[in-house]
Amino acid sequence: MGFSGTVAQDLLGIEGEEATMIGMYIQDLGSGEVLYDYNSEIAMTPASVMKAVTTATALSLLSEDFRFSTSVILRGTSASGKNWHGDLVIVSSGDPTVESEHFKDYLGFCDSICASLTRMGLKEIDGAIVVEQTLKDAGPIAQWEIEDVAWPYGAGLYGMNYRDNTCWVYPLTGETKPLVPGLRVTLRDGSDGTDLIRGVGSDDLTVYTRNGNNKNRKWSIATTVPDPAEVLTAQLTTALKRSGITVGSRALTKCGDPTHEVYTHRSPVLSDILQSLMFRSDNLFAEGVLRAIASGDTRDRAIKREKELWRNRGVDSRYSLIFDGSGLTRGNRLQPRFIADVLQWMAESPKSQTYVSFFPKAGLDGTMRTFLAKSPLKGKIALKTGSMNAVQCYAGYKLDDNDMPTHVIVIMVNGFFCKRGELKKSIEDLLTEIFQQ
């Protein structure tokens with residue numbers, strides 16, 4: 001089977017297809033035969049399929065065993081064996097995984113600091129806890145919708161990230177877990193269901209809910225925090241006190257003063273981070289690895305370096321609009337052919353096996369667990385999904401019995417009018433028709 005063209009066709013058989021933008025590119029990697037090429041040069045909204053490009057870029061420019069490193073130092077001078085005249089300084093690196101619930105083997109950041117200070121015999125720090133953050137244009141991205149900022153998937157990337165930059169809020173009491181200093185919670189009636197609104201950098205969270213009359217004080221909802229460094233500082237202060245170590249509230253030192261190393265926290269290796277973000281479609285992790293390719297520089301510089309990489313590899317990125325690493329920006333635009341070319345390049349690269357393993361398998365993994373679950377293609381199709389309002393996209397590979405890629409698959413649908421379930425079923429049927437002949 002083969003198809004190419006740009007004339008409207010009944011490709012998916014969905015309601016409203018004549019008014020829906022569909023882009024598709026499916027190619028046999030072995031023979032080079034193009035099975036489908038439809039609107040592949042049209043730039044479309046990729047949603048989280050953007051993560052497949054971000055991951056390919058990070059794996060290309062960073063080593064598989066790259067780790068983020070967060071240093072904890074004492075700055076100042078020791079007045080006595082038990083007293084430090086100076087500050088406890090945390091030097092951040094933009095690591096998105098610090099105390100992340102998705103890497104439980106790496107928990108205990110505050111406890112590790114306390115243990116190191118206890119081994120030194122310290123009981124008092126005259127200065128303050130200082131979190132140094134050098135990440136430029138940190139926080140939620142300007143192009144993200146304000147409606148996304150308060151939800152966990154809309155957590156922005158900061159120089160210091162902590163506990164996935166989220167918390168649990170108890171709207172009926174205003175309490176949070178962990179403590180988020182200064183966060184003010186307002187509860188309002190929301191007849192259409194639960195919604196969360198918080199401005200970028202704002203301490204005011206409004207919770208719209210039908211549960212306003214619910215007397216269950218334990219009712220909670222997950223939300224983002226306006227300043228992860230403040231949350232960490234509060235948590236660390238409590239942990240130090242529990243360990244018998246007091247700390248002041250006023251910084252006493254500045255950069256360049258003498259230092260003493262206390263503890264260095266290293267993240268999971270890059271390959272583990274990339275698999276986690278691809279399987280779960282984690283926006284925070286994606287933003288973190290994008291920025292790692294241009295450490296200490298701006299987001300724009302990281303994106304420029306990303307485009308330069310693929311241009312130097314012969315992949316045409318002229319008509320790609322990239323604003324982030326996660327795909328949450330509605331203004332992102334990628335051509336199906338661009339994505340396919342990236343996938344093909346990676347499939348033929350020395351890092352092919354590693355990269356392909358990041359894609360969730362149909363019927364088995366992550367966001368693909370229910371897709372093709374009852375099909376003979378279960379486990380034989382590995383795709384990154386991308387979805388937002390009126391957007392449904394897939395990008396990845398058809399695999400052989402040894403989990404090696406045999407075909408590149410890119411299917412992008414923008415502005416559809418049918419139910420999402422109907423669209424997914426139509427795409428499942430199309431893939432079954434193509435690969436089960």
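No experiment lies behind these values; they were computed from the predicted model shown.
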Between R75 and D257, does any side-chain N to carboxylate O distance fall below 4.0 Å?
no
Heavy-atom side-chain contact between Q335 and M44 under 4.5 Å:
no
NZ or CZ of R280 within 45° of F285 ring axis and under 6.0 Å:
yes
Mind checking side chain to side chain donor-acceptor pair (under 3.5 Å) for T54 and listing every partner two or more places apart, or none if nothing turns up?
none
Counting only N and O atoms by type, is there a donor-acceptor contact under 3.5 Å from the side chain of E287 to the main-chain atoms of G325?
yes
In D324, D282, N283, T385, the residue satisfying side chain to side chain donor-acceptor pair (under 3.5 Å) with K51 is N283
Between C110 and E99, is any pair of side-chain heavy atoms under 4.5 Å apart?
no
Can you find a pair of side-chain heavy atoms, one from D316 and one from W310, that are under 4.5 Å apart?
no
Give the ring-plane orientation class for Y355 versus F359, where under 30° counts as parallel, over 60° as perpendicular and anything between as tilted.
perpendicular
In sequence, state the C-alpha distance, the side-chain angles, and the governing distance for R337 and S40, and then conclude on side chain to side chain donor-acceptor pair (under 3.5 Å).
CA-CA 5 Å; R337 182 60 187 270; S40 68; 5.2 Å; no
Hey, is R311 close enough to E306 for a salt bridge, meaning N to O under 4.0 Å?
no
For the pair K361 and D403, find out whether any cationic side-chain nitrogen is under 4.0 Å from an anionic carboxylate oxygen.
yes
Please determine if E428 and K374 form a salt bridge, counting it only when a charged side-chain N lies under 4.0 Å from a carboxylate O.
no
Please report the C-alpha distance between R291 and D137 in whole Å, then the side-chain angles of each, then the deciding distance to 0.1 Å, and finally whether the salt bridge (charged side-chain N to carboxylate O under 4.0 Å, His left out) criterion is met.
CA-CA 11 Å; R291 301 301 295 276; D137 50 31; 2.9 Å; yes
Pairs flagged by ring-ring contact (aromatic ring centres under 6.0 Å, His included) wherever residues 73-100 is involved - sequence neighbours left out:
none
Considering only heavy atoms from C-beta outward, does the side chain of Y397 approach that of M346 to under 4.5 Å?
yes
Decide yes or no for F68 and I273: does some side-chain heavy atom of the first lie under 4.5 Å from some side-chain heavy atom of the second?
yes
Would you mind reporting whether V131 and V89 have side-chain heavy atoms less than 4.5 Å apart?
no
Could you tell me which non-hydrogen atom of L157 sits nearest to which non-hydrogen atom of P96, and how far apart they are?
CD1-CB, 4.1 Å
Could you walk me through whether T406 and D400 pass side chain to side chain donor-acceptor pair (under 3.5 Å), step by step?
CA-CA 6 Å; T406 62; D400 64 16; over 6 Å; no
Is any side-chain heavy atom of L334 closer than 4.5 Å to a side-chain heavy atom of I322?
yes
So do the side chains of T45 and C393 get within less than 4.5 Å of each other, counting heavy atoms only?
no
